[in-house]
Amino acid sequence: MPKVSMTVNGKPASGEVEGRTLLVEFLRDGLGLTGTHVGCDTSQCGACVVHVDGKPVKACTIFAAEAEGATVTTIEGIAAEDGTMSPVQEAFQTHHGLQCGFCTPGMVMSAESLLKENPTPSEAEIRDYLEGNICRCTGYHNIVKAIMAASGQDVSKIAAE
Amino acid sequence: MYAFDIERPATVSDAVKLLKESDENQPLSGGQTLIPTLKQRLAAPEKLISLTGIGEIKGICEDDAGRICIGAGTCHADVAAGAGKYPALAALAAQIGDPAVRNRGTIGGSLANNDPSACYPSAALGSGAVIVTNNRDIAADDYFQGMFATALDEGEIITEVKFPVPEKACYMKFVQPASRFALVGVFVAKFADGVRVAVTGASEEGVFRWTEAEEKLSGDFSASALDGMSPPADGMISDLHGSGAYRAHLVGVMTRRAVDAAL
Amino acid sequence: MPKDGIGASTKRREDVRFLTGNGNYTDDINIRGQAYVHFLRSDVAHGTINSVDTSAAADMPGVIRIFTGEDFAEMGGIPCGWQVTDRHGAPMQEPKHPVLAHGKVRHVGDPIAAIVAETREQARDAAEAIMPDITDLPAVMDMKEAIKDGATKVHDDLTSNLCYDWGFVEENKGAVDEAIKNAAHVTTLELVNNRLVPNAMEPRVAVGDYNRSTGDHTLYTTSQNPHVIRLLMGAFVLGIPEHKLRVVAPDVGGGFGSKIYHYAEEAFCTYAAKVINRPVKWTCSRSEAFISDAHGRDHVTKIELALDKDNNFTAVRTETYANMGAYLSTFAPSIPTWLHGTLMAGNYKTPNIYVNVKAVFTNTVPVDAYRGAGRPEATYQLERVIDMAARELGVDPIALRRQNYITEFPYATPVAVEYDTGDYNATMDKLMEIGDFAGFEARLAESKARGKLRGLGVNSYIEACGIAPSNLVGQLGARAGLYESATVRVNATGGITVMTGSHSHGQGHETAFPQVVAEMLGIDASMIEIEHGDTDKAPMGMGTYGSRSIAVGGSAMVRATEKIIAKAKKIAAHLLEASDADIELKDGQFSVAGTDKSVAWGDVTLAAYVPHNYPLEDLEPGLEETAFYDPSNFTYPSGAYACEVEIDPETGKVSIERFAAADDFGNIINPMIVSGQVHGGLAQGIGQAMLEQCSYDSDGQLLSASYMDYTMPRADDVPFYQVDHSCQTPCTHNPLGVKGCGEAGAIGSPPSVVNAVVDAMQRAGHTHITHIDMPLTPSRVWSAMQG
């Protein structure tokens, strides 16, 4: 089997993969990074979003072999080494932007990308950006609110709690 | 997925060579449609020839004729960000899929697949683009040959798409609510010598030009020129998300809105 | 005051692991040496299995063993947990539900064979080499056709496709018919409650493990109620006693009902692990989930509402066809009956009510509870027909509701339940405030100016949660008790572990449950930890569904904590040389009433485990108590919801512009979590009303078989919601005064969405549009406008 090498969460990672091995399979089964989830097989739910070379992609819709040499960041690589959560992660907790937690890794990865591209997104821009991330628990209210809060916007007027 | 190997050539010629090694070899671009298809085991390639490592087919430039030329391997996000000279095209690219999909999916992949509900075919046909392959130029009017069917030969790879830039243009998309593909998408482009109207999502034959609307709009580029007009419902897709009659109606509505919003 | 006690919006402690990728979901569990199973599923809806030739597949690389229906023929089927008795006193028809299809396939997705191999892909490769010989039979799809004489039968050994014909309350029928005959006005509405796919974001997973040296089985599974799975699977399918079977449901990624049930795949993995003597893992793909997870709703209903000349409701009569699918899922028979018929009084003092439900077998995936379960069906038809009646009578729909509201409690309905508390006018008042009804006209004018239609829809709802008591539900046909248990284990240094039979799969129990104990003991919530989801830990558990966790599981925890306090007081009394009747517990200190003598919580807990100075002759050492709590009644959350829509008349596209929800959940433990539960329910209700439709064609092929065609609500489909739960009439019969909040949003929201769209149509002069069936897709709305 061919070998693939990449940098994952700042550390070199390599392993043998089949042609058909998806990046998400390499991350979960090969590297034990089970924070990246698989919620569908049609590239829509976004539970598997990771960053490849700084950009969000669906890890279930890219082969591991295609990430050869790439820099990959997964949900496990977002908090600081000492465990301090990022402002986005922090805001998701503060504003109850997650319930079952299954879609959460993808949501956080998308939100991190959004704020990199657009540091102060409007409500509409956030909702639009999350088109590829499905959550069944939260009704999105607190996810959108959390992302606005993480971007430094005042969310006190958005319905309490 | 069935088992297959992946090759990652660095040049178009190497890719073509690899494709020609076997009829069972298949090109892989962004994979946003192909990979879900493979998961369903609806395709069984022997080798996938990944085009994502070929630098020469990525990027956006302008040619001497003022056309916007987009490398086939350019992802939707890069077109959305980099095709500012053709705002309607950039806006269309920004509406395909979602941000993560737009970072992988490519214009070449979309045109080669020619999904009847994809956005790009309407831009290519509506703009009268030229689809450049490793061995020829194909006019958009000759390229699209029905649902998932194109003029491409086995082993032929799209390398570039050249878009003439119209005076005004706009893409109006009415989304299919589940897939977020186009239930109906209309690309209207006004050139000095006439108007082109290309419709995606609606027809069982795939993307098509709505010539009746083109004629009216070439005479009078205003939404009111199309008052009450819609194409015949015959041959329109009818499914869970809308009847043929509904799609035909939407083509009229979306075309008028595109004209109104054209820049 | 304790930190993070009752009423605090404490941030969720479980979030840190979920936000950093450290959750432990079932698919994250891999056991050394595990094999993988792939299920070959039927691609036809109905057919006779002539043979299943596995010989070629058995020789494929990596194949360990292939199982077919023959392997399970002598075993028990997947059991049904509720027996409904029909209106003539006969038990429902109950077909066998084999682990793997035997004799016939009965829906697309019915498992024909299970291939266990070294890898997932090898199992799948081998599945393609299996040649099932199946003779197609006509698919039974239309419920009304299915119960006609001579219809093709889904189950040949049953007399027909009618599971039961249920009348409730049968003795009321004559009076109801009479009241309708004598009414001044009768409004009749025929509607469809659309079929839905629950779609928890985590697909189901099962990992079976067997220890040959001890004979112990372990099943890791995505379940809302591991103890129930242990009981159903152990006792009825595989014959494994509880002490040799451990079921673990670790972090579970949403359930919404779909992970209540015992599924064939769980039994298979548990069984196969013993047969091949290796762990066996199954991970469901989303595509597979669409054809193997139980679906929800799917009712066809006719409802009649009778009113007297003063617009008082005098009778409600309904006739419903409820789709059971091909087999009876665990709680399927109870949903259209006891969870639906008993709610047909709604918030109103209608004196005469009769509900008829015909449950029908079809060649579709089994249908069972989905968030709300029966109550959304009741609420939807009632609140739609009231709106329609108001329009027919030319009266204000809110005024008509208020006029008929129940205002005195307790109130015994004619459909056998007794509401303990409620204040429906209060929630309606609150709704009109938070929904800014006063500003509607201005918003309407603004929409009109942009060429858009606008409408406002309102409804009330009531639900029944925490189904109980067990002896009553037993009489109603439940084959299980509906209590909950908790063990409170106080450690020597004062920290506490609570083992609860409730299961959290998003509800935040790990945060909210400790708030209750903290409040009772006056200590910080951080000293309390919740254990759940493992049959080896909690004594017994009925699990989490029906908004029951805090009302039933929380009450069990309260009872166990009360026992802890009683014992701790005795220890404190000994230490303080006082009588235990004089000991008071406040802020984590035990003191002797009227004195300044006190001992701290930690002193008492230490004494319990280091009993040197301890009344050993009167009291056992240790501080651990268990309680089982069986409620004496349901709880009755209620509320009023409002939806404001804008419609593009050219395309029929409806957008939800505002949504307001005023709920009465009684007392509230963690307001932040409660709001989150409402938000999620609202999105699912809006999804049902606007987007979601599980569709089959006439051959039984599933048309909406992936997210390409089944529309999941996304962030841009919904607005920010205005939610309020300040109207609180505490439940009178549980110790916390709580009612439950998990399902309210999904129950209360669909009618207001449809009411709003119909309102917009009427305001725009489309007076012929009095109803549109859900989901209100652009194409349906546009078609309605075409006349």
Side-chain angles (χ1 to χ4, degrees), chain A residues 18 20 28-29 33-45 47 74-79 83 85 88-90 92-105 108 123-124 126-145 158-161, chain C residues 9 11-12 14-25 27-28 30 121 198-203 251-256 283 285-287 434 505-508 671-684 686 706-708 712-716 718 720-724 745:
Chain A
E18 290 186 272
R20 61 184 170 180
R28 286 181 59 83
D29 303 336
L33 294 170
T34 55
T36 302
H37 295 155
V38 179
C40 80
D41 45 15
T42 50
S43 252
Q44 280 157 311
C45 83
T74 70
I75 187 67
E76 289 92 341
I78 294 296
M85 293 199 292
V88 169
Q89 289 171 316
E90 195 77 46
F92 267 66
Q93 185 182 28
T94 301
H95 298 284
H96 191 27
L98 66 154
Q99 291 181 23
C100 81
F102 194 80
C103 77
T104 305
V108 169
E123 179 198 343
I126 295 169
R127 291 185 187 277
D128 181 57
Y129 199 88
L130 296 180
E131 182 165 1
N133 291 86
I134 299 176
C135 169
R136 192 56 150 171
C137 292
T138 65
Y140 303 100
H141 182 109
N142 286 336
I143 290 175
V144 178
K145 189 175 169 183
I158 298 164
E161 264 105 41
Chain C
S9 279
K11 286 194 277 185
R12 300 202 324 170
E14 46 270 77
D15 288 358
V16 176
R17 69 175 188 272
F18 294 145
L19 281 163
T20 55
N22 291 300
N24 182 36
Y25 297 88
D27 195 40
D28 302 339
N30 293 295
E121 293 294 348
N199 273 308
M201 291 318 299
E202 178 203 27
D251 287 331
V252 172
F256 316 111
T283 302
S285 71
R286 180 60 58 188
S287 299
I434 63 171
H505 30 279
Q507 295 88 342
M672 176 192 81
I673 289 176
V674 168
S675 293
Q677 290 294 305
V678 175
H679 295 157
L682 292 179
Q684 287 179 328
I686 290 169
S706 77
Y707 292 157
M708 295 296 281
M712 292 288 280
R714 294 188 219 203
D716 59 1
V718 291
F720 279 130
Y721 318 101
Q722 311 295 317
V723 306
D724 181 278

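Residue numbering restarts at 1 for every chain, and letters A, B, ... go by the order of the sequence lines.
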Gap between atom OG1 of A:Thr34 and atom CG of C:Asn24 - 0.5 Å precision: 7.5 Å
Non-hydrogen side-chain atoms of C:Phe18 and A:Cys103 separated by less than 4.5 Å: no
From NE2 (A:His96) to OG (C:Ser9), nearest 0.5 Å: 9.5 Å
Heavy-atom pair count under 4.5 Å with chain C, highest-scoring of A:Thr36, A:Ile75, A:Thr42: A:Ile75
Interface residue of largest heavy-atom contact number with chain C, from A:Ile78, A:Thr94, A:Leu130, under 4.5 Å: A:Thr94
Step-by-step side-chain contact (heavy atoms from CB on, under 4.5 Å) determination, C:Leu19 to A:Gln93: CA-CA 8 Å; C:Leu19 281 163; A:Gln93 185 182 28; 3.9 Å; yes
Contacting region of C:Thr20 [heavy-atom separation from chain A under 4.5 Å]: both
Region of A:Val88 that comes under 4.5 Å of a non-hydrogen atom in chain C: neither
Shortest non-hydrogen separation from A:Tyr140 to C:Pro713 and the atoms involved: OH-O, 2.6 Å
Euclidean distance, A:Leu98 CG relative to C:Arg12 CZ, rounded to 0.5 Å: 5.0 Å
Test side chain to side chain donor-acceptor pair (under 3.5 Å) applied to A:Ser43 - qualifying residues, sequence neighbours left out: A:Thr61
Worked check of side-chain contact (heavy atoms from CB on, under 4.5 Å) between C:Phe256 and A:Cys137: CA-CA 9 Å; C:Phe256 316 111; A:Cys137 292; 3.7 Å; yes
C:Met712 versus chain A, the contacting section by heavy-atom distance below 4.5 Å: side chain
Backbone of C:Asn22 reached by a side-chain donor or acceptor of A:Glu76 within 3.5 Å: no
Closest approach of A:Gly139 to C:Tyr721 (non-hydrogen atoms, all atoms of both residues): O-OH, 2.7 Å
Heavy-atom closest pair, residues A:Asn142 and C:Gly676: ND2-CA, 4.3 Å
Pairwise distance CE(A:Met85) to CG(C:Asp15) - rounded to 0.5 angstrom: 7.5 Å
Salt-bridge present (C:Glu121, A:Arg20; N to O < 4.0 Å): yes
Portion of C:Val252 that has a non-hydrogen atom of chain A nearer than 4.5 angstrom: backbone
Chi angles and distances behind the side-chain contact (heavy atoms from CB on, under 4.5 Å) call for C:Met201, A:Cys135: CA-CA 7 Å; C:Met201 291 318 299; A:Cys135 169; 5.7 Å; no
Side-chain donor/acceptor of A:Asp41 to backbone N/O of C:Ser287, under 3.5 Å: yes
Step-by-step side-chain contact (heavy atoms from CB on, under 4.5 Å) determination, C:Gln507 to A:Gln99: CA-CA 6 Å; C:Gln507 295 88 342; A:Gln99 291 181 23; over 6 Å; no
Atom group of A:Glu123 that falls short of 4.5 Å from chain C, counting heavy atoms: side chain
C:Tyr25 (side chain) donor-acceptor with A:Gly101 (main chain) under 3.5 angstrom: yes
Region of A:Asp29 that comes under 4.5 Å of a non-hydrogen atom in chain C: side chain
Contact leader toward chain A among C:Gly21, C:Ala683, C:Ser285, where contacts are heavy-atom pairs under 4.5 Å: C:Gly21
Among the listed options A:Cys45, A:Gly35, A:Cys40, the residue most often paired with chain C at heavy-atom distances under 4.5 Å: A:Cys40
Whether C:Arg286 side chain and A:Gly39 backbone form a donor-acceptor pair below 3.5 Å: yes
Nearest non-hydrogen partners of C:Gly254 and A:Cys100, listed with the distance: N-CB, 3.3 Å
From CZ (C:Arg714) to CD1 (A:Ile134), nearest 0.5 Å: 4.5 Å
Side-chain donor/acceptor of A:Arg136 to backbone N/O of C:Pro198, under 3.5 Å: yes
OG1 on A:Thr104 to CZ on C:Arg17, rounded to 0.5 Å: 11.5 Å
Axial cation check for C:Phe720 ring with A:Arg127, 6.0 Å and 45° limits: yes
Between C:Gln722, C:Glu14, C:Met708, the one whose heavy-atom pairs under 4.5 Å with chain A are most numerous: C:Met708
Partners passing side chain to side chain donor-acceptor pair (under 3.5 Å) against C:Asp27 (at least two apart in sequence or in another chain): A:Arg28, C:Lys281, C:Thr283
Under 3.5 Å donor-acceptor, A:His141 side chain and C:His679 backbone: no
